[in-house]
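Working notes, beginning with the structure itself.
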Number of protein chains: 2
Amino acid sequence: MRKENSTNAVNEQFLFQVCALNSAVAVIGGRWKSQIVYSISEGNNRFHLLKQELSNISEQVLSRQLKELETHAILIKKEIPDTVPSGIEYVLTNKGQELVPILKHLCDWAKAYEAGKIITAG
Amino acid sequence: MRKENSTNAVNEQFLFQVCALNSAVAVIGGRWKSQIVYSISEGNNRFHLLKQELSNISEQVLSRQLKELETHAILIKKEIPDTVPSGIEYVLTNKGQELVPILKHLCDWAKAYEAGKIITAG
DNA sequence: CTGTATCCCCAACGATACTG
DNA sequence: CAGTATCGTTGGGGATACAG
């Protein structure tokens, strides 16, 4: 599977104990995770729509990220029985929806400082 | 050095263009980054203090994370000329300080859902 | 005390081909 | 359309030893 062995894994678990913050970071820390959540919140709740949005993503990765987000209860899959092909819809859970405004804060924060590296301390 | 070559790097840059959110995630996405920022905000602004807090961290990693955070203008190093040994102090920049409340939001969010996996959508 | 150099490991990222 | 299996690549995390 994955870990349970290396120090890497042990440290990860250690951080989870220190503060829930770190588990949150682990959730959104993936390369595409936060963007996927954001995209879904904007209505791109289909596999192929996400694939279009994230033009360079491979199906493998998208599928994997989606599965991980599902594991963390950020979103759930919903089958749409009416459609002829598969028809799967991704829906944010409460947890996922509450994450969105935080991501927006993060986005604003990054935007505010992306240009001028304001270095003012002490 | 690092990348500039692989698709991995290209995709990272692509995400940076899509939304600043992703660069923010890249900043705090490191294993210890957010915890370090948090610790410094609480006054653990010395190398050895951070090393104590993050008991399992190796000097290598701590140094590396610190350097990256400095690169992202989250914190700056300050030499303390009065002390006999090296004496380096880490101080959060404005950017870093504004990140702290966002991290707290993230922490609260994670805490709220860490126990009961509330899956309520649609 | 605060770092850096070097090397290893492994997990995430990614490409391709294939299935229901 | 949605998803998985497989395999290769990349680079971050980690240990240790060493330096200012």
Side-chain angles (χ1 to χ4, degrees), chain A residues 1-15 22 25-36 44-52 54-71 75 77-90, chain B residues 1-15 22 25-36 44-52 54-71 75 77-90:
Chain A
M1 295 308 170
R2 243 193 85 212
K3 29 204 169 177
E4 291 106 35
N5 32 352
S6 64
T7 316
N8 194 333
V10 174
N11 282 346
E12 191 175 39
Q13 291 304 315
F14 166 77
L15 283 170
N22 299 293
V25 170
V27 170
I28 66 170
R31 166 79 84 244
W32 307 86
K33 298 245 183 68
S34 56
Q35 189 62 46
I36 289 174
N44 298 319
N45 54 359
R46 300 295 297 274
F47 194 93
H48 66 279
L49 288 177
L50 287 168
K51 197 157 156 43
Q52 286 170 26
L54 313 170
S55 53
N56 287 309
I57 203 171
S58 74
E59 300 168 11
Q60 226 306 341
V61 177
L62 179 53
S63 176
R64 192 188 299 152
Q65 303 289 311
L66 247 18
K67 193 179 275 184
E68 286 179 31
L69 288 171
E70 195 184 0
T71 300
L75 52 80
K77 283 197 298 187
K78 262 193 167 179
E79 294 190 29
I80 314 172
D82 302 2
T83 53
V84 178
S86 291
I88 297 284
E89 201 176 45
Y90 294 97
Chain B
M1 294 308 170
R2 245 195 85 210
K3 29 205 171 176
E4 291 103 38
N5 33 350
S6 64
T7 317
N8 193 333
V10 175
N11 282 347
E12 191 174 40
Q13 291 303 317
F14 166 77
L15 282 170
N22 299 293
V25 170
V27 170
I28 66 171
R31 166 79 85 245
W32 307 86
K33 299 247 182 67
S34 54
Q35 190 59 46
I36 289 175
N44 298 319
N45 54 0
R46 300 295 298 275
F47 193 93
H48 66 279
L49 288 177
L50 287 168
K51 196 158 155 45
Q52 286 170 27
L54 313 170
S55 54
N56 287 310
I57 202 171
S58 74
E59 301 166 11
Q60 223 312 339
V61 177
L62 179 53
S63 176
R64 192 189 298 153
Q65 302 289 311
L66 248 16
K67 193 179 275 182
E68 286 180 30
L69 288 172
E70 196 185 358
T71 301
L75 51 80
K77 284 198 297 187
K78 262 192 167 180
E79 293 190 29
I80 315 174
D82 304 1
T83 54
V84 179
S86 292
I88 298 283
E89 202 177 45
Y90 294 97

For atom [atom1] of [X] and atom [atom2] of [N], their distance in whole Å:
X: Gln13(A); N: dA11(C); atom1: CD; atom2: P; answer: 12 Å
X: Leu54(A); N: dA15(C); atom1: CG; atom2: C1'; answer: 17 Å
X: Leu49(A); N: dG3(D); atom1: CG; atom2: P; answer: 13 Å
X: Glu12(B); N: dG11(D); atom1: CD; atom2: P; answer: 9 Å
X: Lys67(B); N: dG13(D); atom1: NZ; atom2: C1'; answer: 16 Å
X: Gln52(A); N: dA2(D); atom1: CD; atom2: P; answer: 10 Å
X: Leu69(A); N: dA2(D); atom1: CG; atom2: P; answer: 17 Å
X: Arg31(A); N: dG12(D); atom1: CZ; atom2: C1'; answer: 11 Å

Checklist outcome for this item: For Glu68(A), the side chain to side chain donor-acceptor pair (under 3.5 Å) test, sequence neighbours excluded, returns Lys33(A)
Checklist entry - Excluding sequence neighbours, so at least two apart, what forms side chain to side chain donor-acceptor pair (under 3.5 Å) with Asn45(A)? => result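 Partners of Asn45(A) under the side chain to side chain donor-acceptor pair (under 3.5 Å) test: Glu89(A).
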Kindly give the atom pairs (protein nitrogen or oxygen, nucleotide nitrogen or oxygen) under 3.5 Å for nucleotides 15-20 of chain D.
| from | atom 1 | to | atom 2 | distance (Å) |
| --- | --- | --- | --- | --- |
| dG20(D) | N2 | Ser86(B) | OG | 2.9 |

Checklist entry - Between Val25(A) and Ser34(B), which heavy-atom pair has the shortest distance, and what is it? => result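 Result for this residue pair: CG2-OG, 3.4 Å.
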Checklist entry - Looking across every strand, which nucleic acid part, if any, lies under 4.0 Å from Lys51(A) by heavy atom: base, sugar-phosphate, or nothing? => result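 Counting heavy atoms under 4.0 Å across all strands, no contact is made by Lys51(A).
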Next on the checklist: Base, sugar-phosphate or nothing for Gln65(A)? Non-hydrogen atoms, less than 4.0 Å.
Outcome noted: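 Result for Gln65(A) = sugar-phosphate.
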Counting only side-chain nitrogens and oxygens, does [X] get under 4.0 Å of the OP1 or OP2 atom of [N]?
X: Trp32(B); N: dG14(D); value: yes
X: Arg46(B); N: dC1(C); value: no
X: Lys33(A); N: dA12(C); value: no

Checklist entry - Can you name the residues that form a side chain to side chain contact (heavy atoms under 4.5 Å, CB included) with Lys67(A), not counting sequence neighbours? => result none
Next on the checklist: Do Phe14(B) and Asn22(B) have side chains that approach each other closer than 4.5 Å (heavy atoms only, starting at C-beta)?
Outcome noted: no
Next on the checklist: Main chain of Ile88(B), side chain of Arg46(B): is a donor-acceptor contact present, judged purely on distance under 3.5 Å?
Outcome noted: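 Side chain of Arg46(B) to backbone of Ile88(B), a donor-acceptor pair under 3.5 Å: yes, one is there.
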Enumerate, atom names and distances included, each donor-acceptor pair closer than 3.5 Å involving a side-chain atom of residues 54-65 of chain B, sequence neighbours excluded.
| from | atom 1 | to | atom 2 | distance (Å) |
| --- | --- | --- | --- | --- |
| Ser58(B) | OG | Val61(B) | N | 3.3 |
| Gln60(B) | OE1 | Arg64(B) | NH2 | 3.2 |

